[in-house]
2 protein chains.
Amino acid sequence: MSTPKPEATLAVNGSLSRHRRTYSIGELARMFEVTPRTIRFYEQEGLLAPERRGQTRIYHEKDRVRLKLTLRGKRLGFSLAEIREVIEMYDAMPDGNARQLKRLLEILSDKRSNMERQLEDIRLMQRELDDVEMRAREVLERLDQN
Amino acid sequence: MSTPKPEATLAVNGSLSRHRRTYSIGELARMFEVTPRTIRFYEQEGLLAPERRGQTRIYHEKDRVRLKLTLRGKRLGFSLAEIREVIEMYDAMPDGNARQLKRLLEILSDKRSNMERQLEDIRLMQRELDDVEMRAREVLERLDQN
DNA sequence: GACGACGTTGACGTTAACGTAAAGTGGTTG
DNA sequence: CAACCACTTTACGTTAACGTCAACGTCGTC
């Protein structure tokens, strides 16, 4: 209760946030090296919900964080649907009923074991790469000695 | 030269192998929980090249290992094309020219940094999950106390 | 010798995640 | 004011990685 949290992650405590900055879609796109089309697509899929000034989208810190998390999730092989599910449940958390919350914990547990497996996969794959690289270097060395 | 390698990985030293077993496509499919269709598709994409007895495909240890590596690669987000590229180069290694070998090392280095990033992503994502889970549990507890 | 399990090829269908092109809007700058 | 951005919507196109279905061959066995 009294210990101040280091920083909010998924949610940015809006009004108190130091970052009063906003972003255009193009800025965000360059920041993360994606196209505006991608960002719009994520919105259409319910992953983002930027403010509008007229027609134009205005992105806040919260949106930027979401995009970042989305892209990270993607790199880990999660589908946009999965990512959205987590985001939606997170948003619904404060007033979420017990069933929803338990479902959320279930999903999180799933993601966790998924990542455990990925860690193992990465370890194994790294050994493979080590092995292949070693052999390749051996062959190269023999070529050089001619 | 004299130190015996613990075990071959990508390539199985065929004739000396203890495993003289072969597999049908259905067996392999069940082992890895994929459909036969998937395995045939991988062959069509140049990832597998099983022996044929008449029409029927016969898979050896080497093919099984390849399939395993392929699926692992997939879980790490590599495309079939990328995986094939590595496999092809590996096969061409013994008589590979220097250019090919250097290109292989390059690819391997790419994969490595890719995986480094994934490791970092996983670490970050795990923190996110911890955070979300904590909050969810807090909310749940308050609900239980009513 | 019919049946079921398993295998084959070929072709078309499907889904996710965008790309791309067209056509229009709104601001600012020379 | 014209030209040029950056942004918008709509809509159709594309690619990877299979799924699905049809139509057929080949066993073992009841």
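Naming: A, B, ... by sequence-line order, numbering from 1 per chain.
- To the nearest 0.5 angstrom, R66(B) atom CZ is 12.0 Å from I83(B) atom CD1.
- L67(B) and L124(A) end up in different hydrophobic clusters when Ile, Leu, Val, Met, Phe, Trp and Tyr side chains are linked at under 4.5 Å.
- Atom-to-atom, CD of E51(B) to P of dG7(C) comes out at 16 Å; the value is rounded to the nearest Å.
- For DNA chain C, the residues of residues 70-80 of chain A within the heavy-atom distance limit of 4.0 Å (strictly under) are K74(A), S79(A), L80(A), sorted by number.
- Partners of R127(A) by side-chain hydrogen bond (donor to acceptor under 3.5 Å, both in side chains), not counting sequence neighbours: none found.
- Nucleic acid contact for R52(B): sugar-phosphate only, since backbone atoms but no base atoms lie under 4.0 Å from a heavy atom of the residue.
- In this view, D121(A) and R117(A), R72(B), R75(B), L76(B) satisfy the side-chain contact (heavy atoms from CB on, under 4.5 Å) rule, not counting sequence neighbours.
- For Q100(A), there are no side-chain hydrogen bond (donor to acceptor under 3.5 Å, both in side chains) partners at least two apart in sequence or on another chain.
- Only S24(A), I25(A), G26(A), R40(A), listed by number, bring a heavy atom of residues 24-46 of chain A to less than 4.0 angstrom from any atom of DNA chain D.
- For DNA chain D, the contact window with chain B, defined by any atom under 4.0 Å from a protein heavy atom, covers dA17(D) to dT20(D) in 5' to 3' order.
- With sequence neighbours excluded, the residues that form a salt bridge (charged side-chain N to carboxylate O under 4.0 Å, His left out) with R64(B) are E61(B).
- Among residue pairs with one or both ends in residues 104-116 of chain B, those qualifying as salt bridge (Lys or Arg N to Asp or Glu O under 4.0 Å) are D130(A)-R112(B), E133(A)-R112(B), E82(B)-K111(B), R103(B)-E106(B); sequence neighbours excluded.
- Residues satisfying the side-chain hydrogen bond (donor to acceptor under 3.5 Å, both in side chains) criterion with R30(B), sequence neighbours excluded, are absent altogether.
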Sequence neighbours excluded and cut-off under 3.5 Å, please list the side-chain donor-acceptor pairs for residues 40-52 of chain B, or say none.
from, atom 1, to, atom 2, distance (Å)
E43(B), OE1, R57(B), NE, 2.6
E43(B), OE2, R52(B), NH2, 3.2
E51(B), OE1, H60(B), NE2, 3.1
R52(B), NH1, Q55(B), O, 2.9

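- Whole-Å rounding puts the Y23(B) OH to dC6(C) C1' distance at 19 Å.
- Contacts of R37(A) classified as side-chain hydrogen bond (donor to acceptor under 3.5 Å, both in side chains), with partners at least two apart in sequence or in another chain: none.
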